[in-house]
Number of protein chains: 2
Amino acid sequence: MSTTPQATPRRATITDVAREAGTGKTSISRYLNGEMSVLSPELRARIEAAIARLDYQPNQMARGLKRGRNRLIGMLLADLTNPYTVEVLQGVEAACHALGLMPLICHAANEVEMERRYLQLLTTYRVEGVIVNALGVREETLRPVGGGGIPAVLVDRSVDGLVADMVGLDNRAAAELGTRHLLDNGFDDIWFVVQPFEQVSSRQLREAAFREAMSAQSDPGGKNAARGHTLVLNLADAVDVERSLAELDRAIDAAAHTRDAAATGNAARVALFAANAPVALCLALHLKARYGADWQARVALLSIDDPEWAELTGVTTIRQPTYEIGYRAVEFLHERIEGVQTTARDCLLPGELIVRASTLR
Amino acid sequence: MSTTPQATPRRATITDVAREAGTGKTSISRYLNGEMSVLSPELRARIEAAIARLDYQPNQMARGLKRGRNRLIGMLLADLTNPYTVEVLQGVEAACHALGLMPLICHAANEVEMERRYLQLLTTYRVEGVIVNALGVREETLRPVGGGGIPAVLVDRSVDGLVADMVGLDNRAAAELGTRHLLDNGFDDIWFVVQPFEQVSSRQLREAAFREAMSAQSDPGGKNAARGHTLVLNLADAVDVERSLAELDRAIDAAAHTRDAAATGNAARVALFAANAPVALCLALHLKARYGADWQARVALLSIDDPEWAELTGVTTIRQPTYEIGYRAVEFLHERIEGVQTTARDCLLPGELIVRASTLR
DNA sequence: CTGTTAGCGCCTTCAC
DNA sequence: GTGAAGGCGCTAACAG
């Protein structure tokens, strides 16, 4: 046995098989496409044998070129580091499997330039459609898809000016659910922490819904009303993160002060509402570094997204129906590929509140 | 503005561009391939204009078909749920970017059947090479790659009977490093917890190295020697997990007993050495459920892999050079694609011990 | 410098 | 039933 990986020998083509089976290419093609009814059992057997002997496998590139469709769809991911993305992907894969599609996964790793390049690439490979979890910057980058380009379905976030189906979390309902949970549990200093949200629709919606829910208290602004704040955390900028966390620290310390002074049950209790898992992780790491292992005694943490460490640390979360989001996205796309022409649809799926120790006092 | 995503209009072909520019296909092709020197500035300008006007983008399928190479490589992943995988992927992507390759990511999601299907698919798409983080079951499934098939590079684990380059962690050194750390910190009841390892080379090596390191104590088996155990945790089988964890519980309780009885400093101290992050997570979740939030006071946990929650929970880890593993894998593969014919190579990269509170007493 | 010609591997009429 | 011929979009000799 050789220990040297060999160079690839030329693969057999349909012509080789035809020769080997002593017939024409047409019959081979028919065999490949399952048109068995028009093949004599005898010929069929010969073809089968020839294919096996040559270890023949049809070249999909060539087939795609000829037929004009290749059953390929693109899956453009903003950030695989986010567990959300991986979970959505599982739904996508399952649906593709079921519908006979093959997803080409492209990971932009939060870089706009990458997103652009991959989109270009998917286009030149003539994928039949694209599922886009866009970075969200601007419509511009997404020029080739949606509208006049190849069919597209947006996941998690819509993009201004881009007409396409979209599926994701019901952000308004989710943020409201979380906010109400915190209010119901008596927190009176609530910080909604979110990455820069001007460009990302889902973040916008969550933040807006948070503020509305805060305003919907029985006596907003009143003496017993909880106070809401929005804090922007730009995870891509260490300096900015530093600054924002410092602001948070001051607020937490101030609340503790109140508590010490009052020494009663009606001290200020602060809760952090993270707009997604990456933010929640950043917050948790910081709090742990600052207050030690029992940081949760000082601050409550609630997060949209339900990362694997949430259960471990007892953090309350709002779990997104990630698998279904991915699955539905593919279904939508498939319909578009098959020619459905309805107006752009939105599919908003509900999140599920998972209450853990963190927000129970 | 319409709100209905339109159907894809037919894309322009090279012939269209030639007609539009009033020239032949050859010149267009030359332009596309950057052979500017043989094009008059005037013709070149006309081509440029025509391409822009038609929004032409060359069809990669056709190019690939013609040239016989498509710059595509397959990346077969066993489990994207494992943070390790995502990190390796980042290295792969960076390297591909640098080398002008395009990775087709395929996620087997721990299903052998998926692995087989994707491999088949990659083959029929004539990718130029494959990077395989195999499920590891048997050489059989991997028939199409390595050896006589398309060039392949294995990641993390080798597969019996499959001759191919491989890159991964130096498992022996890593397991030894971890074991020694635990011994040095005075743990005397050490459990190496690992998924079924008969089929997966990296797990085998880690387990073997653990046992060896235990035997290498100054007085193995002696009165003051630490005792080592191997526990198999089949994460795919809930019942089995239950059973294994129960065994662990008994051991931990027994150790506690010893401690209570002795009521001195020389009581049995137990440490868990998880062979990878999924195992570590399973253990941590169980321990937390059983002993509450301060489970770490009862048991120490050390894990190969450094998931994001490790820092948060203070678990000691051995971090793999994941990014570099991915990067090197692509480099190896690229060399093979370019025709390098050396014997199969192994590239073992060192892990880094990250000491956290969990294993310090 | 530029265009013509012949395929790459496969599918699809259209005859036999 | 079966096969020959033409073409999908592109590239790579060849001629001019």
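Reminder, nothing fancy here: chain letters follow the sequence lines and each chain counts from 1.
- There is a side-chain donor-acceptor pair under 3.5 Å between A:T81 and B:Q90.
- For B:R11 against D:dG9, no side-chain N or O and base N or O form a donor-acceptor pair under 3.5 Å.
- Nearest nucleotide to the side chain of A:T13, out of C:dG9, D:dC10, D:dT2: C:dG9.
- By the 6.0 Å and 45° rule, B:R345 stacks over the aromatic ring of B:F332.
- Residue B:Y56 is classed as a sugar-phosphate contact, given heavy-atom separations below 4.0 Å to backbone atoms only.
- Side chains of B:S202 and B:D156: a donor-acceptor N/O pair is present below 3.5 angstrom, by distance only.
- Closest to the A:K25 side chain, of the nucleotides C:dT2, C:dC11, D:dT2, is C:dC11.
- Judged purely by distance below 3.5 Å, without hydrogens or angles, the side chains of B:Y31 and B:E48 pair a donor atom with an acceptor atom.
- Out of C:dG3, C:dC10, D:dG9, the shortest distance to the side chain of B:N59 is found at D:dG9.
- Between A:T23 and D:dT2 there is no side-chain N or O to OP1 or OP2 distance below 4.0 Å.
- Contact annotation: side chain of A:R126 to base of D:dG9, donor-acceptor pair absent below 3.5 Å.
- An OP1 or OP2 oxygen of D:dT11 is reached within less than 4.0 angstrom by a side-chain nitrogen or oxygen of B:N33.
- For A:I14, taking side-chain heavy atoms from C-beta onward, the closest of the listed nucleotides C:dG9, D:dG9, C:dG3 is C:dG9.
- Residue-level contact check: B:T124 touches neither bases nor backbone, having no heavy atom under 4.0 Å from any strand.
- Neither OP1 nor OP2 of D:dA12 sits under 4.0 Å from any side-chain N or O of B:S29.
- Nearest-nucleotide mapping onto DNA chain D: of A:L43 and A:A62, the residue sitting toward the 5' end is A:L43.
- Residue B:L39 is in sugar-phosphate contact alone, with no base atom involved, counting any heavy-atom pair closer than 4.0 Å across all strands shown.
- Considering only side-chain N and O atoms, B:R63 lies nowhere under 4.0 angstrom from the phosphate OP1 or OP2 of D:dC10.
- In this structure, B:T26 reaches the bases: a heavy-atom distance under 4.0 Å links it to at least one base atom across the strands shown.
- Distances were taken from every side-chain heavy atom of A:S40 (C-beta onward) to each of C:dC10, D:dT2, C:dT2; the shortest belongs to D:dT2.
- Side-chain atoms of A:K66 and base atoms of C:dG9 include no donor and acceptor less than 3.5 Å apart.
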